[in-house]
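Take a look at the structure set out below.
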Amino acid sequence: MCGIVGYIGTDNNAKEVIIEGLKRLEYRGYDSAGIALHKGSVIETRKHVGEISNLEKIIGDKDFESTLGIGHTRWATHGAPSDVNSHPHSNMDNTVTVVHNGIIENYVELREWLTSEYGIKFKSDTDTEVIAHLIGIYYDGDLHKAVNRAVEDMRGAYAIGVIAADEPDKMVAVRKDAPLVAGIGEGCNFIASDIPALLKYVRKIYLIENNETVVLTKDKITIYDEKQKVVKREVFHVTWDADAAEKGGYDHFMMKEIHEQPHGLSETLNRRLNDDNTIKLDGISMTKEDIEGFNKVYIVACGTAYHAGLVGKAAIEKMAKIPVEVDIASEFRYRDPFVDDKTLFIAISQSGETLDTLAALREAKKKGARIFSVVNVVGSSIARESDDVFYTWAGPEIAVASTKAYTTQLMCMYLIALYMGHTKGVIDKEYYDMFIGELKAIPDKLQLILDKQDEIEAIAKKYKRKDDVFYIGRGVDSGVSYEGSLKLKEISYINSFAIAAGELKHGTIALIEDGTLVFALATQNFLFEKMISNIQEIKARGANVIGIAKEGNTDIETQSSEVIYIPDCIDEVTPLLSVVPLQIYAYYVAKFRGCNIDKPKNLAKSVTVE
Ligand code: M6R
């Protein structure tokens with residue numbers, strides 16, 4: 001977690017560049033922010049708990065300017081959010097200053113050693129402070145050398161940016177299992193945790209690989225590999241627009257992103273379809289023999305991406321007839337799963353940087369699986385470490401609560417399942433064409449749900465005080481229930497719980513009482529009657545039911561307090577539509593309750609810690 005930015009140039013604008021970059025990285029954490037500037041022969045650091053706006057209040061003065069600096073926005077891991085635990089951190093005589101994203105796993109051991117051997121007195125509770133002291137003790141006038149020596153002592157995952165008081169013309173950065181890019185300017189250069197932080201200034205980027213060190217001066221960026229050999233890296237030209245990351249008239253990124261779903265889905269679909277509706281794999285080679293050779297598919301992901309995997313499982317099993325297991329990445333990596341060279345491992349991730357997913361991917365790779373990923377961020381770690389990448393074309397997703405990434409992930413899963421099933425010969429041309437037709441119709445149908453925003457807002461207003469909310473469904477509706485529940489709890493802090501509707505009677509129904517709010521998803525025609533029975537059971541116990549059903553299935557009205565209809569479509573693709581009212585409901589409840597919608601407490605957009 002956390003975001004880092006660094007700037008070295010000729011103009012005295014390090015502070016502006018860093019603050020602008022940090023604002024673009026707040027999705028990585030916003031517990032505190034800080035900035036360190038090189039000022040003559042000293043380093044001056046200012047930091048503040050809370051969002052970047054708090055930091056801005058203490059750095060406005062004209063004296064606090066420089067051509068070299070580093071900055072940080074924090075998601076607290078070691079040590080509570082506080083001014084003293086905020087980054088940057090410095091060594092004792094303030095000659096070396098560091099910003100860090102990640103975790104130093106052996107920091108306790110290093111802290112004890114630095115204290116007993118060098119008498120170092122620590123100011124903060126962070127793991128990061130050990131980095132500053134380590135570099136400090138190895139420093140003899142050459143920052144690059146000192147950083148490399150310090151890194152030898154460190155275990156864990158990190159991206160760090162470092163400056164030294166005695167070297168006003170240099171900045172050093174290192175990457176190990178945490179994202180880092182370097183931006184190429186004219187007479188100035190940059191580092192950052194992610195590309196959007198730099199887009200106001202540069203479009204030419206170096207994607208830094210694991211275990212690489214970067215030395216930056218205002219005119220030059222030199223990348224070194226683990227053995228300190230200079231690496232020649234191709235320049236990555238960013239073609240997407242920085243404005244895509246702005247709010248565009250909406251009050252929150254989340255609502256903007258909900259509304260971007262028709263576009264994101266069209267892009268994700270159309271970029272993969274040839275004129276004759278065959279699926280374009282663009283560089284991915286997956287032959288009939290390859291597909292027939294897979295005896296198992298593992299879909300591994302976290303949070304919302306995991307929920308997309310649940311729907312992906314249903315699609316692949318139905319269309320390609322290959323058994324699929326869906327696993328939470330943090331569990332997969334530690335349970336010695338049955339993976340071999342006949343396994344297709346599919347990682348799903350918006351950011352492409354989620355550490356648990358990345359670690360699971362590496363585990364599967366070690367065991368010989370073919371690694372396929374569904375990723376939104378181009379050039380991210382998961383994308384780079386995969387054999388094949390199927391990009392979602394959602395565009396940048398800024399709000400912590402994932403919306404358009406989820407629906408575009410679903411679109412990718414349908415396309416992958418269709419491709420595998422069709423290539424393998426399990427599904428015929430008629431079914432294939434019908435399915436593609438259904439997918440093509442989704443963006444317009446989704447727009448019809450967005451047009452009902454006011455209706456959903458009114459429902460949210462009515463039930464905004466409900467402190468326990470349940471979500472139930474059968475088949476793919478149960479997967480969507482998990483996602484609806486997660487959306488509500490993460491942004492409104494309401495205790496919500498999702499469960500397969502048929503499972504309710506095995507215990508959880510004990511919690512249903514007069515006035516309990518239950519979202520009942522009943523979009524599957526072949527399960528509709530069973531769902532109606534489940535709804536009756538909870539209604540009989542006094543629940544307020546909000547039904548989600550396809551237009552025309554009006555029988556649900558007699559059993560529900562409210563019904564939100566989605567346009568008619570085949571059962572398989574309803575998740576692309578049924579999740580949308582749940583997203584909008586969560587948004588409005590959070591808004592009515594005065595929550596910080598885009599940056600909910602305790603969360604960060606990109607989870608790069610275990
Ligand atoms: O970037 P990823 O898709 O790998 O992130 C996985 C989860 O952290 C993410 O989906 C999280 O659950 C969202 N905040 C949910 O809205």
Side-chain angles (χ1 to χ4, degrees), residues 1 3 25-30 75 177-179 193-194 196 252-255 257-258 261 264 299-312 326-333 346-361 373-386 389-392 394-410 412-413 479-480 482-494 496 498 579-580 582-587 590 595-610:
M1 270 7 188
L25 293 180
E26 265 193 307
Y27 72 87
R28 304 182 64 84
Y30 36 82
W75 186 78
D177 292 335
S193 297
D194 197 358
H252 300 93
F253 280 111
M254 183 180 175
M255 189 48 94
E257 288 160 7
I258 288 173
Q261 292 181 108
I299 303 178
V300 177
C302 304
T304 288
Y306 168 77
H307 298 153
L310 297 175
V311 177
V326 194
D327 214 340
I328 292 169
S330 54
E331 292 296 314
F332 176 91
R333 58 185 294 199
I346 304 180
I348 308 180
S349 175
Q350 187 284 129
S351 62
E353 299 294 348
T354 302
L355 187 67
D356 284 322
T357 310
L358 188 58
L361 176 159
S373 62
V374 175
V375 170
N376 194 39
V377 177
V378 177
S380 56
S381 302
I382 291 176
R384 282 185 282 156
E385 295 195 25
S386 299
V389 188
F390 211 88
Y391 282 109
T392 49
E397 193 181 62
I398 307 296
V400 165
S402 189
T403 53
K404 60 178 182 168
Y406 173 74
T407 43
T408 53
Q409 284 161 355
L410 294 183
C412 290
M413 295 314 293
V480 179
Y482 291 116
E483 177 56 12
S485 168
L486 178 64
K487 278 304 77 93
L488 186 69
K489 69 178 80 141
E490 72 178 322
I491 60 169
S492 71
Y493 319 138
I494 287 173
S496 75
V579 74
V580 180
L582 306 183
Q583 297 168 341
I584 298 173
Y585 180 85
Y587 172 87
C595 302
N596 188 345
I597 293 179
D598 284 337
K599 293 184 218 153
K601 70 174 187 223
N602 303 340
L603 294 177
K605 182 71 182 160
S606 182
V607 185
T608 53
V609 293
E610 267 202 63

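Read the numbers this way: they start at 1 and go in the same order the structure lists the ligands and their atoms. In this chain, residues are counted from 1 in sequence order. Being a predicted model, the structure only gives us computed values, none of them experimental.
In this structure, Lys487 is part of the shell of residues with a heavy atom less than 4.0 angstrom from ligand 1.
Of the possible polar contacts, one joining the Ser351 side chain to the Glu353 backbone as a donor-acceptor pair under 3.5 Å is found. With hydrogens and angles ignored, the 3.5 Å screen pairs no side-chain donor or acceptor of Ser492 with any backbone N or O of Ala590. A donor-acceptor contact shorter than 3.5 Å is absent between the side chain of Asn376 and the backbone of Pro396. In this structure a side-chain-to-backbone donor-acceptor pair under 3.5 Å is present from Tyr493 to Lys601. For the pair Glu257 (side chain) and Ala399 (backbone), a donor-acceptor distance under 3.5 Å is present. Without hydrogens or angle criteria, Glu397 side chain to Lys404 main chain gives a donor-acceptor distance under 3.5 Å.
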Evaluate the side chain to side chain donor-acceptor pair (under 3.5 Å) criterion for residues Ser496 and Ser485: first the C-alpha distance (whole Å), next the side-chain angles of each, then the deciding distance (0.1 Å), finally the verdict. CA-CA 6 Å; Ser496 75; Ser485 168; 2.7 Å; yes
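Each of the atoms 3 (O), 10 (O) of ligand 1 lies under 4.0 Å from some heavy atom of Ala305. Counting the atoms of ligand 1 from 1 in the order shown, those under 4.0 Å from a heavy atom of Ala401 are 16 (O). The contact set between ligand 1 and Ser351, taken as ligand atoms under 4.0 Å from a residue heavy atom, comprises 1 (O), 2 (P), 4 (O). Interface atoms of ligand 1 facing Gln350, defined by a heavy-atom separation under 4.0 Å, are 1 (O), 2 (P), 3 (O), 4 (O).
Atom 13 (C) of ligand 1 has its closest protein heavy atom at Val400 O, 3.8 Å. In this structure, atom 16 (O) of ligand 1 lies nearest to the protein heavy atom Glu490 OE2, 2.4 Å. Given atom 6 (C) of ligand 1, the protein heavy atom at minimum distance is Cys302 O, 3.3 Å. The nearest heavy-atom contact from the protein to atom 10 (O) of ligand 1 is Thr304 N, 3.1 Å. Of the protein's heavy atoms, Val607 CG2, 3.9 Å lies nearest to atom 8 (O) of ligand 1.
Below 3.5 Å of separation, one finds no N or O of Gln409 facing any N or O of ligand 1. For ligand 1, none of its N or O atoms has an N or O atom of Leu486 under 3.5 Å away. Note: an N/O pair closer than 3.5 Å links Ser349 and ligand 1 by distance alone.
Between atom 4 (O) of ligand 1 and the options Val375, Asp356, Thr354, the minimum heavy-atom separation is to Thr354.
Ring geometry, Tyr587 versus His252: the interplanar angle exceeds 60°, so the pair is classed perpendicular (tilted spans 30 to 60°).
Taking the charged nitrogens against the carboxylate oxygens, Lys599 and Glu26 do have a contact shorter than 4.0 Å, which makes a salt bridge.
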